[in-house]
Amino acid sequence: MAPERNFHHTWLLAAFVIIQWMSMTNSNAVPIQEINLNGMWQVVNANKSISIKGSVPGSVHTALMENSVIKDPYYRLNDVDYRWIANDNWTYTTDFTVSKDILSKQRVVLVCHGLDTVASISVNGAVVGDSSNMFIRYVFDIKEHLKSGANTITIAFQSAPSYANQKSTSHQYQVPPECPPAVQHGICHPNFIRKEQCSFSWDWGPAFAPQGIWKNISIEAYNTAVIRDVMVHTFMTKDGIAGPWGINVTVFFDPTNQVEGTLTVEIPELNIKSHMNLTLSTKSSHVSMLVKHLQSIKAWWPNGYGEQRLYAVNVAFENQTLGEKCSRKLKIGFRDVKLVQETIKGSTGLSFYFKINNQPIFLKGSNWIPADAFQERIDKSRLKNLLQSTVDANMHALRVWGGGVYEQDIFYEICDELGILIWQDFMFGCAMYPTDDAFLKSVQLEVAQQIRRLSNHPSILIWAGNNENEAALQQDWYGTNVSYSLYRDDYVKLYIDTIREQVLLHDPNERRPYVSSSPSNGLETEKEDWVAWNPQDTHNGDGKCF
């Protein structure tokens with residue numbers, strides 16, 4: 001099944017007049033109904049020799065630790081000794097109760113915000129869908145498989161190493177590197193599975209290849225529409241930072257069918273409340289709203305350059321006829337970013353620096369890798385400590401590295417609050433990648449969803465296609481010169497024709513820049529058809545110092 005309904009690119013664009021605070025018609029509309037499935041699930045291995053309780057969100061490894069089946073995976077050679085966990089297939093099961101009221105709704109869906117990674121999902125014994133990408137939110141229709149009273153959901157995970165090996169074996173040609181260096185004691189073919197790449201080992205970390213429900217999971221029941229994503233883009237007018245600002249709000253819906261309702265966008269601190277009536281359908285399921293001439297705005301600045309001013313934005317969709325509403329709350333910062341690449345007197349290359357709100361910024365920062373091999377152990381307090389340490393060290397930038405994960409929402413929220421700029425890699429690193437239709441379709445949705453989720457954050461500075469793959473291809477790190485044209489075509493197909501296309505669609509360059517790799521030569525790489533002769537040229541683009 002498809003991860004979620006495809007959004008057709010039919011835009012309803014309305015220029016909004018700013019409406020001073022006003023009371024809308026009193027409504028008795030109630031929120032859509034939701035069943036939270038987080039909590040304790042039963043976790044069983046393939047031959048049923050192990051059956052334990054495990055927390056969701058969570059992984060098999062942490063469930064085994066909590067039940068004293070294994071010790072600390074970090075201790076000595078336990079990463080290798082516990083490899084049997086990754087090589088086994090594990091099943092998560094839980095029961096939940098469904099009321100007649102929920103069954104009366106037009107649509108009932110299972111929303112999986114993160115499954116790690118390859119799984120088949122069943123409700124009361126009927127398969128409702130499958131997953132193959134850790135970085136995608138999956139939405140499955142389950143109404144026809146539900147019954148009033150007790151119900152059971154089962155998520156059967158396949159061993160990630162086994163899946164990756166199967167995909168590699170069945171591929172038409174080798175996609176290097178086959179395996180990590182032997183000294184890492186890692187797992188082969190991470191490039192064939194859309195999963196945290198360093199979970200198969202890296203030069204700094206062990207291989208665990210976790211399985212589990214690593215993000216929230218719930219059931220939603222509704223008659224009208226659910227707001228899936230909200231993107232708010234702020235922009236300066238020609239008068240610059242001192243003049244009025246504008247915002248463009250794009251709301252992505254998941255409607256039952258053709259639905260009418262009222263969309264409201266509110267910024268309480270600016271005394272703004274705008275609304276419009278609209279009709280949604282599965283072919284016209286997202287709306288763009290333009291709000292101009294916002295006065296008395298305080299801009300958001302990175303740490304050391306000014307205040308990190310944030311504004312609450314409330315978005316709601318309501319259908320008064322059916323008495324149902326759905327809402328989202330987020331915080332935004334008004335800031336402008338530009339990547340400056342221009343000629344430098346006396347140099348053969350181009351500059352490569354950023355302007356925030358027209359102010360040149362000298363970036364001071366570090367590389368961010370996952371804070372733990374098991375994502376469920378990374379909580380707000382741990383992130384706050386690490387990110388505050390960044391500020392305390394007089395830094396204001398981090399690069400979310402392409403071999404890990406797109407970080408959880410609270411990570412970016414803290415960065416917004418602390419003024420930490422984020423160079424955001426897409427999750428591809430130190431490898432060539434397959435470019436078959438199924439893989440590219442999965443990546444396309446992954447990129448679209450992550451941009452919709454993250455682009456609201458003023459901390460997000462730039463998107464980067466991958467970690468070091470342009471250099472790896474051009475400098476023959478993995479023996480690609482024997483079929484250079486083949487791998488070069490695959491490279492362009494993935495990072496330019498697929499990823500860049502989604503970036504330009506959802507977050508164009510006038511909003512936030514995109515570079516195809518890191519390191520890269522920026523405009524020079526583009527001039528050389530996306531693979532530069534020397535991707536690590538010190539006269540162009542970004543560089544790395546170790």
Side-chain angles (χ1 to χ4, degrees), residues 3-4 31-44 51-67 90-99 101-102 105 107-124 128-131 133-143 145-146 149-157 195-196 210-222 226-229 254 326-330 370-383 405-413 449 453:
E4 58 182 30
I32 65 167
Q33 295 197 45
E34 182 175 3
I35 301 174
N36 186 352
L37 296 178
N38 291 349
M40 299 305 294
W41 289 48
Q42 195 70 26
V43 182
V44 182
S51 181
I52 56 177
K53 294 290 185 181
S55 299
V56 170
S59 71
V60 173
H61 282 80
T62 51
L64 292 171
M65 278 187 280
E66 289 166 359
N67 286 272
W90 297 83
T91 298
Y92 278 69
T93 303
T94 194
D95 297 325
F96 59 96
T97 301
V98 174
S99 66
D101 187 33
I102 285 179
K105 304 298 182 182
R107 192 165 187 230
V108 185
V109 296
L110 173 67
V111 183
C112 307
H113 288 278
L115 299 176
D116 186 10
T117 296
V118 181
S120 175
I121 301 92
S122 300
V123 174
N124 293 328
V128 298
D130 55 68
S131 70
N133 189 324
M134 176 183 184
F135 308 119
I136 284 178
R137 174 188 62 227
Y138 289 89
V139 179
F140 305 109
D141 287 294
I142 62 171
K143 179 178 178 178
H145 305 294
L146 295 175
N151 293 259
T152 301
I153 178 172
T154 301
I155 301 181
F157 288 94
K195 178 177 172 62
E196 179 184 25
Q211 297 177 46
I213 305 169
W214 76 293
K215 288 192 173 184
N216 294 334
I217 183 169
S218 64
I219 291 171
E220 296 173 344
Y222 55 97
V226 171
I227 297 174
R228 287 279 170 239
D229 298 292
D254 195 354
C326 182
S327 61
R328 291 284 297 274
K329 295 183 178 181
L330 59 148
D372 200 296
F374 308 107
Q375 286 289 317
E376 60 272 18
R377 302 201 300 193
I378 308 171
D379 59 15
K380 181 178 179 179
S381 62
R382 189 171 177 186
L383 288 173
V405 299
Y406 307 97
E407 290 293 332
Q408 54 187 288
D409 292 341
I410 190 63
F411 171 92
Y412 300 97
E413 291 168 8
Q449 286 190 2
R453 181 173 73 93

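Using a 4.5 Å heavy-atom cutoff, the side chains of Pro57 and Asn216 are in contact. Side-chain contact between Val111 and Arg137 is present, with at least one heavy-atom pair separated by less than 4.5 Å. Between Ile213 and Phe157 the shortest side-chain heavy-atom distance falls below 4.5 Å. Put simply, the side chain of Tyr222 does not reach to within 4.5 Å of the side chain of Val108, judged on heavy atoms. For the pair Ile153/Trp41, a side-chain contact is recorded, criterion being any heavy-atom separation below 4.5 Å from C-beta on. Contact check for Ile378 versus Gln375: side-chain heavy atoms found under the 4.5 Å cut-off. Between Arg377 and Arg382 the shortest side-chain heavy-atom distance falls below 4.5 Å. In this structure, Phe140 and Cys112 have side chains that are in contact, with non-hydrogen atoms separated by less than 4.5 Å.
Using a distance-only test at 3.5 Å, with no hydrogens or angles considered, no donor-acceptor pair links the side chain of Ser131 to the main chain of Leu115. Judged by distance alone, with hydrogens and angles left aside, the side-chain atoms of Asn67 form a donor-acceptor pair with the main-chain N or O of Lys53 at under 3.5 Å. In this structure a side-chain-to-backbone donor-acceptor pair under 3.5 Å is missing from Asp254 to Arg228. Between the side chain of Tyr92 and the backbone N or O of Val56 there is no donor-acceptor pair closer than 3.5 Å. The main-chain N or O of Lys105 is found under 3.5 Å from a side-chain atom of Lys143 such that the two form a donor-acceptor pair. Panel note: side chain Trp214, backbone Met134; a donor-acceptor pair is recorded below 3.5 Å. One N or O on the side chain of Ser99 and one on the backbone of Ile102 form a donor-acceptor pair closer than 3.5 Å. Remark: side-chain polar atoms of Glu407 are not paired, donor with acceptor, to backbone N or O of Tyr412 under 3.5 angstrom.
The shortest non-hydrogen separation linking Glu196 to Pro370 is OE2-CG, 3.2 Å. The minimum heavy-atom distance between Tyr138 and Asn133, with the atom names listed, is OH-N, 3.0 Å. For the pair His145 and Asn151, the tightest heavy-atom approach, listed with the atom from each and the gap, is O-OD1, 4.4 Å. Shown here for Ser55 and Met40, the closest heavy-atom pair between the two residues is OG-SD, 3.5 Å.
Taking the side-chain contact (heavy atoms from CB on, under 4.5 Å) definition, one finds that Ala156 meets it with Thr91, sequence neighbours left out. Checked against side-chain hydrogen bond (donor to acceptor under 3.5 Å, both in side chains), Ser381 has the following partners two or more places apart in sequence or in another chain: Asp379. Applying the side-chain contact (heavy atoms from CB on, under 4.5 Å) rule to Arg328 yields the partners Ile227, Val230; only residues at least two apart in sequence or on another chain are considered. Remark: Lys380 pairs with Ile410, Ile414 by the side-chain contact (heavy atoms from CB on, under 4.5 Å) rule, at least two apart or across chains. Listed by chain and number, the residues in a side-chain contact (heavy atoms from CB on, under 4.5 Å) with Asn36 are Asn38 (sequence neighbours excluded). Remark: Tyr406 pairs with Phe135 by the ring-ring contact (aromatic ring centres under 6.0 Å, His included) rule, at least two apart or across chains.
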### Task
Begin with the C-alpha distance, continue with both residues' side-chain angles, and end with the deciding distance and a verdict on side chain to side chain contact (heavy atoms under 4.5 Å, CB included) for Met65 and Thr62.
CA-CA 5 Å; Met65 278 187 280; Thr62 51; 3.8 Å; yes

### Message
Could you walk me through whether Glu376 and Ser59 satisfy the side-chain hydrogen bond (donor to acceptor under 3.5 Å, both in side chains) test, starting with their C-alpha distance in whole Å, then the side-chain angles of each, then the deciding distance to 0.1 Å, before giving a yes or no?
### Response
CA-CA 7 Å; Glu376 60 272 18; Ser59 71; 2.6 Å; yes

### Query
Step by step, would you call Val139 with His113 a side chain to side chain contact (heavy atoms under 4.5 Å, CB included)?
CA-CA 8 Å; Val139 179; His113 288 278; over 6 Å; no

### Query
Stepwise, does the side chain to side chain contact (heavy atoms under 4.5 Å, CB included) test hold for Thr94 with Gln42?
CA-CA 6 Å; Thr94 194; Gln42 195 70 26; over 6 Å; no

#### Entry: Criterion side chain to side chain contact (heavy atoms under 4.5 Å, CB included) on Val60 and Val43, from CA distance to verdict
CA-CA 7 Å; Val60 173; Val43 182; 4.3 Å; yes

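In this structure, the separation between CD1 on Ile217 and CD1 on Ile35 is 11.5 Å, given to the nearest 0.5 Å. A distance of 9.5 Å separates CD of Glu220 from CG of Leu110, quoted to the nearest 0.5 Å. To the nearest 0.5 angstrom, Ile219 atom CD1 is 4.0 Å from Ile142 atom CD1. Between the OG1 atom in Thr97 and the CG atom in Leu146 there is a gap of 11.5 Å [rounded to 0.5 Å]. Note that CG of Asp409 is 5.0 Å distant from CZ of Arg453, once rounded to the nearest 0.5 Å. With values rounded to the nearest 0.5 angstrom, Thr154 atom OG1 is found 10.5 Å from Ile121 atom CD1.
Inspection of the Asp101 and Gln33 side chains reveals an N or O donor paired with an N or O acceptor under 3.5 Å.
Salt-bridge annotation for Arg107 and Asp141: present, with a side-chain N of the basic residue lying under 4.0 Å from a carboxylate O of the acidic one.
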